[in-house]
Each structure stands twice: as C-alpha cells, then as structure tokens.
Protein chains: 2
Amino acid sequence: MTDQVRVVLVDDHALVRSGVRSEIGHAVDVVGEADDVEGAVEVITTQLPDVVLLDVHLPGGNGPAVIDGVRKAGVETCFLALSVSDAAEDVIAVIRAGARGYVTKAIASADLIAAIGRVASGDAVFSPRLAGFVLDAFAGEIPTSDVDPELDLLTAREQEVMRLLARGYAYKELASRLTISVKTVETHASSVLRKLQLSNRHQLTRWATDRRLI
Amino acid sequence: MTDQVRVVLVDDHALVRSGVRSEIGHAVDVVGEADDVEGAVEVITTQLPDVVLLDVHLPGGNGPAVIDGVRKAGVETCFLALSVSDAAEDVIAVIRAGARGYVTKAIASADLIAAIGRVASGDAVFSPRLAGFVLDAFAGEIPTSDVDPELDLLTAREQEVMRLLARGYAYKELASRLTISVKTVETHASSVLRKLQLSNRHQLTRWATDRRLI
DNA sequence: GGTCGGCTCAGGGTTGGCCCTGAGCGGCAT
DNA sequence: ATGCCGCTCAGGGCCAACCCTGAGCCGACC
C-alpha cells in the first residue's frame with residue numbers, strides 16, 4: 001500500500017469527516033480536511049490530492065463553488081461528490097461543475113473506497129439511482145454563459161454580420177437587410193470566419209449559440 | 001456461480017460475438033445472440049437478460065433502435081454499449097436512448113466482466129475517456145423528446161442522413177462516414193428536404209433542434 | 001412473375017458560400 | 001500630411017449544396 005490514493009475530505013460536519021476517515025482511512029491516504037469553501041480550496045491547492053470527497057452543501061457556498069475555485073487556481077484533481085442529497089438538481093449542478101462522480105452517504109465503505117479508486121483513475125461513478133438522474137438529465141438541459149473575450153476581435157459591423165450569418169441568413173438576404181452589396185457581406189463574413197478561426201458558417205452557428213449570441 | 005448475470009450479445013459480426021463469448025462466458029451466462037435490430041429485440045424480449053451487450057452500429061438500424069424496440073415491447077433490461085467507435089455523438093446517442101454504459105472493444109475482458117456486473121446492479125459505467133464525453137456533454141447539450149409526427153415520412157436511411165446533415169456534416173464527410181457515395185448522400189438529402197418541405201440545411205438544423213433530434 | 005419501394009449510384013445543371021486580390025472613401029491619429 | 005483602419009465594393013475562381021432525371025439491385029408483397 002505504498003502509493004495509496006491521496007484524498008481530501010470536504011464536509012461541514014466534523015462528525016461526518018471523522019466517520020468517513022475511519023471508514024476509508026485504511027485504504028486511502030487522507031491528506032487533508034476542510035469544512036467550508038475557502039478552506040477547501042486552500043487545502044486542495046496545497047495538498048494536491050488525487051481525489052476530493054466533496055459534500056454538496058457547504059457554508060460559504062456549495063460544492064460547485066469549490067470546484068470552480070480549484071479550477072481557477074489552476075489545479076487539476078478529481079472530485080467525487082458525497083452527499084446526503086439525492087436531489088436531481090444537486091447532482092446535475094455538481095456534475096456540471098466538473099465532478100466525475102456522485103454517491104450518497106448511504107454508500108457502503110467498501111463501495112466508497114472502490115468509487116474513490118475509480119474516480120482517481122479517470123472513471124465516472126454514480127450510485128445506481130443517481131446514474132439514472134445523470135443520464136436522464138440528458139433529457140433537457142441548457143447551461144451557462146459569461147462574457148465575450150474574442151468577440152472584441154470583431155468590428156461593430158462584423159459583429160452585426162456575424163449575428164445574422166449565425167442565424168442562417170443567406171448572403172443575399174443579409175445584404176438587402178443591411179442595404180449593402182452581397183460582395184460587402186462576403187468580405188465581412190470572410191473576416192469574421194478568419195478572425196474567429198472558423199472555417200464555415202455551421203461552425204459559426206455553433207460558436208454563436210455556445211456563447212448565446214443569437 | 002449459480003446465479004450468474006444473464007447476458008445477450010448483439011453485434012453484426014459473428015467473429016466478435018464468439019470472441020466476446022469466449023472471453024466472458026466463464027463469468028456470465030450468455031443466453032442469446034443477435035446480429036441485427038429485429039433479431040436483437042426478439043431475443044431480448046424472450047430471454048429477458050439482465051444485461052444486453054450492444055454494438056452501436058447494426059444492420060437494419062443501430063443501437064438506439066434496439067433499445068427503443070425493447071422499451072416499446074415493455075421489457076426492462078440494462079444495456080451496455082460495446083463499440084469500436086468512441087465518437088462523442090455515438091456515445092451520446094446511445095446514452096440518450098437509455099444505455100447505462102458505454103465501453104469500447106479495446107476493453108480488457110476482466111474489465112468487461114466487471115462492467116457487466118456493475119451495469120447489472122444498476123450502476124453506470126464508461127471507459128475513462130468516454131466518461132469525459134458524457135459528463136462534458138452537460139456543458140452544452142440539448143436532448144431527447146418523445147415521439148415523431150412527420151419523422152415517419154422519412155425512411156430509416158433518410159433519418160440517419162437527416163441527423164448528420166442537421167449536425168452540419170458536409171456531404172463528403174457524411175458519405176465516408178456512412179460509406180456510401182456523395183451522390184447517394186445528395187439523393188437522400190434531397191428527399192429529406194423535399195419530404196419535410198424545407199429548402200436548405202439551415203432550416204433542417206432548426207427543424208431538428210426544435211424537435212430535439214440532434 | 002410482376003410491381004413497388006427503398007437504397008445505391010451517375011450525369012449534368014444552377015446557385016450560393018468562401019477565398020484572394022485590389023481599390024476607393026472617410027475618419028482619426030501621429 | 002501621411003498613414004492606418006474600418007466600411008464599402010468588384011472580379012475571378014473553387015467547391016459545396018441542391019436539383020432533376022434516369023437507372024440498376026434487392027426484398028417484400030400480390
């Protein structure tokens with residue numbers, strides 16, 4: 001057991017942490033604990049564990065906040081959500097944030113140890129019921145967004161053309177809509193694709209929808 | 001080994017089936033095989049296996065078609081997709097249809113046996129790389145739906161072409177992907193647009209996304 | 001056996017997307 | 001004033017998208 005999996009526990013209840021530690025401590029190397037978001041990010045970024053056992057509900061934020069914080073710190077690790085909650089939205093939220101697994105605290109300790117090992121090796125793991133949630137959740141989701149970095153590469157006119165292009169307008173329609181010539185539209189379109197390093201309007205449509213620009 | 005997991009193999013290559021059977025036969029109970037969609041549905045609905053090992057690409061349809069067929073027959077079982085493909089869309093498609101796992105044929109036999117056991121117990125299982133696909137897909141997907149009204153206007157092949165078209169594949173890519181000529185793709189594409197009374201692929205993309213077909 | 005529908009392919013055509021080059025015009029800054 | 005930049009346009013070229021027609025193969029149905 002020389003190279004055990006290094007684990008950090010994040011849970012706001014000390015009782016839970018010590019319980020988990022005593023259940024899995026013989027099989028993994030618990031290198032740190034935390035009871036809130038700030039502390040979790042700090043411990044994780046200093047200890048650099050293989051796996052983080054992460055409670056979904058925390059003071060000062062929640063599970064996703066921890067994951068985001070660690071990501072922003074440039075640290076790569078695997079998160080396994082460990083929660084009393086089996087509410088679909090908690091599961092989805094933490095998976096979206098980047099957790100690679102989700103088990104409830106009802107899990108047997110041997111199973112938890114196995115789950116940690118699997119997550120550490122890059123696998124995904126879910127409690128049976130939760131697997132259903134996650135997979136079924138492919139039945140209806142729309143996510144995130146933020147600001148626009150490379151959008152500034154485009155001039156005002158180019159952005160205007162870009163939006164209409166992404167929306168599926170033909171060059172001719174677009175030209176009459178902006179009351180410019182088709183040739184001008186082509187020029188702008190070409191510039192847009194070049195600046196965004198895209199090769200055709202389908203990619204542009206995906207690019208724009210990903211960024212909620214249309 | 002009295003109550004082994006009962007498994008049905010679905011793959012269009014006899015060689016693959018016998019190979020898999022010899023690799024896992026000592027650990028699970030292979031109660032049936034099939035090499036196309038129809039046969040698969042029949043074997044599964046009569047044998048009622050615990051787990052179906054399902055190839056994604058089949059004559060007469062594909063993996064999702066088998067899952068749908070079995071569901072419509074009112075039979076509950078667990079599907080584990082076993083494919084050479086690790087294309088994200090294949091993974092997503094079969095997961096959407098209801099598969100509880102997806103592994104590639106590069107898997108070691110011991111791992112496959114373990115995967116079958118986990119799926120049988122209701123767990124979800126993915127090859128490490130594919131776990132990434134599935135979970136990352138939460139970062140930008142729009143899925144499923146219910147039934148299809150005018151979708152029945154399209155033949156099976158046309159639906160296949162339609163999905164890829166709507167997804168933005170060029171005719172040439174689509175042709176090599178389906179291993180048919182570009183001319184055949186054109187013919188199908190033309191039929192699709194005519195039958196759906198659409199005039200180009202942008203409208204098709206919108207049509208398909210509205211109906212959550214892609 | 002004949003018919004019909006689905007899948008496959010071909011020839012030959014028009015239109016549109018996309019690129020490159022080149023160029024005139026107006027604002028704005030060094 | 002000279003030059004950069006954004007907006008406008010044109011010519012000319014390539015290729016992909018889309019259409020129509022026609023045709024061979026095969027399995028299903030009558």
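Letters go in sequence order (proteins before strands), and every chain restarts at 1.
- In the interface, the side chain of T187(B) is not paired with the base of dC7(C) through any donor and acceptor atom under 3.5 Å apart.
- Regarding L154(A), its CG atom lies at a distance of 11 Å from the P atom of dG6(D), rounded to whole Å.
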Using a cutoff of under 3.5 Å, can you pull out all pairs of nitrogen or oxygen atoms linking the protein to nucleotides 24-30 of chain C, with atom names and distances?
none

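- Partners of T46(B) under the side-chain contact (heavy atoms from CB on, under 4.5 Å) rule, at least two apart in sequence or in another chain, do not exist in this structure.
- When the side-chain nitrogen and oxygen atoms of T184(B) are compared with OP1 and OP2 of dT8(C), none of them lie within a distance under 4.0 Å.
- In this structure, CD1 of I180(B) is placed 20 Å from P of dG24(D), rounded to the nearest angstrom.
- The side-chain contact (heavy atoms from CB on, under 4.5 Å) check on T184(B) picks up I180(B), S181(B), H188(B), with sequence neighbours excluded.
- Computed from coordinates, the L178(A) CG to dC9(D) P distance equals 10 Å when rounded to whole Å.
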Under 3.5 Å, which donor-acceptor pairs do the side chains of residues 73-82 of chain B form with other protein atoms, sequence neighbours left out?
from	atom 1	to	atom 2	distance (Å)
T77(B)	OG1	P49(B)	O	2.8
T77(B)	OG1	D50(B)	O	3.2

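- In this structure, a donor-acceptor pair under 3.5 Å is absent between the side chains of E186(B) and S190(B).
- Judged as a side-chain contact (heavy atoms from CB on, under 4.5 Å), and not counting sequence neighbours, the contacts of T155(B) are R157(B), E158(B), K195(B).
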Distances for protein N or O near nucleotides 3-6 of chain C N or O, under 3.5 Å:
none

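- In this view, E42(B) satisfies the side-chain contact (heavy atoms from CB on, under 4.5 Å) rule with no residue, not counting sequence neighbours.
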>> Applying side chain to side chain contact (heavy atoms under 4.5 Å, CB included) to V7(A) and V31(A), what does each step give before you reach the verdict?
In response: CA-CA 6 Å; V7(A) 176; V31(A) 296; 6.0 Å; no
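- Applying the salt bridge (Lys or Arg N to Asp or Glu O under 4.0 Å) rule to K172(B) yields no partners; only residues at least two apart in sequence or on another chain are considered.
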> When every nucleotide of nucleotides 13-19 of chain D is labelled 5' to 3' by its protein contacts under 4.0 Å (heavy atoms), B for base, S for sugar-phosphate only, - for none, what sequence of letters results?
Replying inline: ---SSBB
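- Judged as a side chain to side chain donor-acceptor pair (under 3.5 Å), and not counting sequence neighbours, E173(B) has no contacts.
- Partners of R177(A) under the salt bridge (Lys or Arg N to Asp or Glu O under 4.0 Å) rule, at least two apart in sequence or in another chain, do not exist in this structure.
- Partners of E33(B) under the salt bridge (Lys or Arg N to Asp or Glu O under 4.0 Å) rule, at least two apart in sequence or in another chain, are R17(B), R21(B).
- Contact between the side-chain N/O atoms of H188(B) and the OP1/OP2 oxygens of dT8(C) is found at a separation under 4.0 Å.
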